[in-house]
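Labels below follow one simple rule: chain letters A, B, ... track the order of the sequence lines, proteins then strands, and each chain is numbered from 1.
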Amino acid sequence: MARYNAKESEARWQAAWDAAHAFEVPNNSPKPKAYVLEMFPYPSGRIHIGHTRNYTMGDVVARFRRAQGFNVLHPMGWDAFGLPAENAARERNIDPRQWTYDNIAIMKSQLKLMGLAIDWSREFATCDPEYYKHQQKLFLEFYRAGFVYRREADVNWDPVDMTVLANEQVIDGKGWRSGAPVERRKLAQWFFRITDFADDLLAGLDTLDRWPEKVRVMQRNWIGRSEGMRFTFDISNGEKIEVFSTRPDTLFGASFVALSPEHPLTLELAKTDARLMAFVEECRHIGTAEADIEKAEKRGYDTGLTAAHPFDPNWKLPVLVANFVLMGYGTGAIFGCPAHDQRDLDFARKYHLTVTPVVVPDGADAKTFDVGDEAYVGPGHLANSRFLDGMTVDEAKAEVAKRLEAAGQGTRTVNYRLRDWLVSRQRPWGCPIPIVHCAKCGVVPVKEADLPVKLPDTINFDVRGNPLDHDPVWKHTKCPSCGGDAVRDTDTLDTFVDSSWYFARFCDSHAAEPVNKAALDYWLPVDQYIGGIEHAILHLLYSRYFTRALKKLGHTKVDEPFAGVFTQGMLCHETYQDPDGEWLFPEQVEKRPDGTAIVKGTNKPATIGPSIKMSKSKKNVVAPEVIVDVYGADTIRWFTLSDTPPERDVEWTDAGAEGCWRFVQRIYRLATEAEGLPPAGTVPGKTEGVSLALRQATHRAIAAVTDDLENLRFNRAVAQIYTLTNVLQQSDKCDGAARREATEMLVRLIAPMMPHLAETCWEALGHKTMLVNTDWPKADPALVKSDSVTIAVQVNGKRRGEIEIAVDTAEDTVKQAALAQEGVIRALEGKAPKRVIVVPNRIVNIVA
RNA sequence: GGCCCCGUGGCGGAAUGGUAGACGCAUCGGACUUAAAAUCCGUUGUUCCGAAAGGGACGUGUCGGUUCGAGUCCGACCGGGGCCACCA
């Protein structure tokens, strides 16, 4: 018997699809549109099986929609700016451009092997000058619209490498390369005004019903909306301090006012107070890493100033500088109410400040209520609070707000955790910020005709700090405004900017303007976006922001870029180490029957570690082209869709891959065996008996697989296909037409998942047209429905028998049949049933 | 510390409040074969009674609750994971 030759077959069909331009789509069509997108990859080197899972899922959706008659946009590109290219360039003394484009070439060839239904005519890399030119145009448009601004901001500064570090490059407060303690330094930086959209970004989440709830919750928390009040304290030196609080009701429980070490007033006071200056310096050196915050104890410095209580000018509160007050949230100043805030309580206990409970839980006595070491944050009634006494928390909040607003001392406000998006990066491998700094004219945008501001042809990494800043030629230019000598902004844009609008560029990758409105109007929003959970917050939030900004500028009519989001799990694999602790690739290890392993070709034992996410560093990766070579792409595709729900992590195993390969052969055999069968539907008259059962199984599979693919339940679709395959394989007593129908449908159902195999089988079944141009099958409702049903019969909730009976049989008849069951009679032991519950076509429960 | 998710055979996992374990992997037994590969048929939650046919009990992390009926809903706990985190 001929075996399926995946290698030959896959190459042949990929060439045929290419020749037919099967996946290139127009930007308009009478068909309904579907935009299917997977998060585009960073070209880090090579693709591993984990990547292919992501692209396979998207491909299944794209092919499925295509078969259903949609005009499907399914593009691919490269998120190509970023640090790994810089590191590679520095380490190997090569051009980051070279490294990146080489990787793209390799990864593209690997992806091509997977047979993805991608419109490659729309491909681009974000490091293409053609792409970042348009990004620079958008930046300037944002600038003119006031969406972008520049201000001094604190950054992580490595004093040895003389560069700014991203937060994740700061390890234990030290630079990851230099090991030097990182400093906070103020630099003029560009920001996107994302906070202007905070409320809208929050409200929009409620409309995203095809997003994972988990992701929406994460975004909600990230935006972090809290309602409260801003109000001012008069300070003994004549100044005012504005604070933000979500608990103005506890104002009579105040025992201090605390300023952030970075608060302007703190810095002013520090000028004449050396000890305060030292304290501020010390706070600055405490890292921003979470672990440090956990350990850091609450510390304060008494300024000697006092603040007058807003409701009682004679009540003076001490003003302290406290290390736990954040400058970046609210106003950078708080009033401390220790009884009802844990941080304030810890602080108050340490510095022996007053603790006055002002909210007392219902049922507790205000005179004896003591918070101990745990601040009370629950509901209750106000006490020790003059005119607020007896009110609920909400009533007191309203009353305080009313009085402070009436007195002009404060206002109700909404505060967000979300900050404006700092986009300046002191990095050479990114999109240059199209701005010129002129001594005379200040900040001047580059003229649009002069875009793109291209990166220099050679980037010299042999310098400390940002090579662009040290470039003797590139950096210097003429002022677009006055024509005098000026310098470029040597920062580049955060690479998250690159990925915040690429989905819009895909709508027309070759448009003369950044985005083509007509194409956006046609394609957006993306109907199904698929990617990793690691992008649940930043990338998706930035893209949502960008889309809103683009809308305000008239480039699109949608608010939300992604109507449906799906986050897929990672691919895992066992890890292996040699006796020296060095990681080993799976192919370097030979497993023995007793469960142990040795280093291949030696007698050295290899330790088998847990199955964890595939990563280059642990070497637990499987290269797709190796598997493609042995089993073909369809086997990988089938494996990554089988068994495990797509949102969960899945473990790659050789045994599992073998199983998929056997299934590929099974399908091929069934298709080639069906060659001589009569066409489907040629048996005159009715089908009955086993043939009817086969036809029913076929149409039920169509219905079930369709439903599962609609809902991205790939593992269940796979199980349905196995079920049909099993029935078909045991159908030698069925008539030929029913078998042919089952075989043809089976082939059409596997097509989105194993497209090459499906084409080959389709051809073997005698078809002259490609399956890729064949519509998705429709189930015959009459065959999906069945005439009879098996109903379980329970006595007191325990199964005692079952009856096979016509669908929709009258309740009484079902009841009688149930009571006549032998097992039921035995279980009843002659007792009369008290009650009989009949759930039509499902179950009978007899209560005895 | 806050919020969220998940606990089902040897493993991955199915199951609109209605026959728990579909489907796959692995296991074991058998057929075909000189043999192997490939393929096919059968087997597999635990336990008890029975020679067998068959029948009974238990079973979805633990303990309660709601219900005629709970893997599914509610409460508490145990275990694992995720996100945020001095956010006032």
Establish, from distance only, whether the side-chain atoms of A:Thr195 and A:Asp420 form a donor-acceptor pair under 3.5 Å.
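Looking only at side-chain atoms, A:Asp420 and A:Thr195 do form a donor-acceptor pair, the distance falling under 3.5 Å.
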Would you please confirm or rule out a distance under 4.0 Å between OP1 or OP2 of [N] and any side-chain N or O of [X]?
{"X": "A:Gln730", "N": "B:C41", "result": "yes"}
{"X": "A:Ser226", "N": "B:C87", "result": "no"}
{"X": "A:Arg800", "N": "B:A57", "result": "yes"}
{"X": "A:Tyr329", "N": "B:A88", "result": "yes"}
{"X": "A:Arg230", "N": "B:A88", "result": "no"}
{"X": "A:Arg835", "N": "B:C68", "result": "yes"}

Identify whether any heavy atom of [X] sits under 4.0 Å from a base atom; if not, whether one sits that close to sugar-phosphate; answer base, sugar-phosphate or nothing.
{"X": "A:Asp346", "value": "nothing"}
{"X": "A:Val325", "value": "base"}
{"X": "A:Asn415", "value": "nothing"}
{"X": "A:Ser642", "value": "nothing"}

If we take the [atom1] atom in both [N] and [M], what is their distance in whole Å?
{"N": "B:C73", "M": "B:A85", "atom1": "C1'", "result": "32 Å"}
{"N": "B:U8", "M": "B:U60", "atom1": "C1'", "result": "4 Å"}
{"N": "B:G71", "M": "B:C86", "atom1": "P", "result": "43 Å"}
{"N": "B:G61", "M": "B:C6", "atom1": "P", "result": "13 Å"}

Sort me out a list of protein N/O and nucleotides 36-39 of chain B N/O pairs below 3.5 Å, or just none if empty.
residue: B:U39; atom: O3'; partner: A:Arg669; partner atom: NH2; Å: 3.4

Among residues at least two apart in sequence or on other chains, which ones pass side chain to side chain donor-acceptor pair (under 3.5 Å) with A:Glu262?
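Listed in chain order: nothing, the list is empty.
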Please write out each protein N/O paired with an N/O of nucleotides 30-32 of chain B under 3.5 Å, distance rounded to 0.1 Å.
none

Upstream residue (5' side of RNA chain B) when A:Gly328 and A:Val217 are each assigned their closest nucleotide:
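Result of the comparison: A:Val217.
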Would you mind telling me which residue lines up with the more 5' stretch of RNA chain B, A:Cys660 or A:Asn796, judged by nearest nucleotide?
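Its nucleotide being nearer the 5' end, the pick is A:Cys660.
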Roughly how many Å is it from [atom1] in [X] to [atom2] in [N], rounded to a whole number?
{"X": "A:Lys798", "N": "B:G59", "atom1": "NZ", "atom2": "C1'", "value": "11 Å"}
{"X": "A:Phe335", "N": "B:C87", "atom1": "CZ", "atom2": "C1'", "value": "15 Å"}
{"X": "A:Arg417", "N": "B:G2", "atom1": "CZ", "atom2": "P", "value": "17 Å"}

Identify whether the glycosidic angle of B:G9 places it syn (within 90° of 0) or anti.
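That one's syn.
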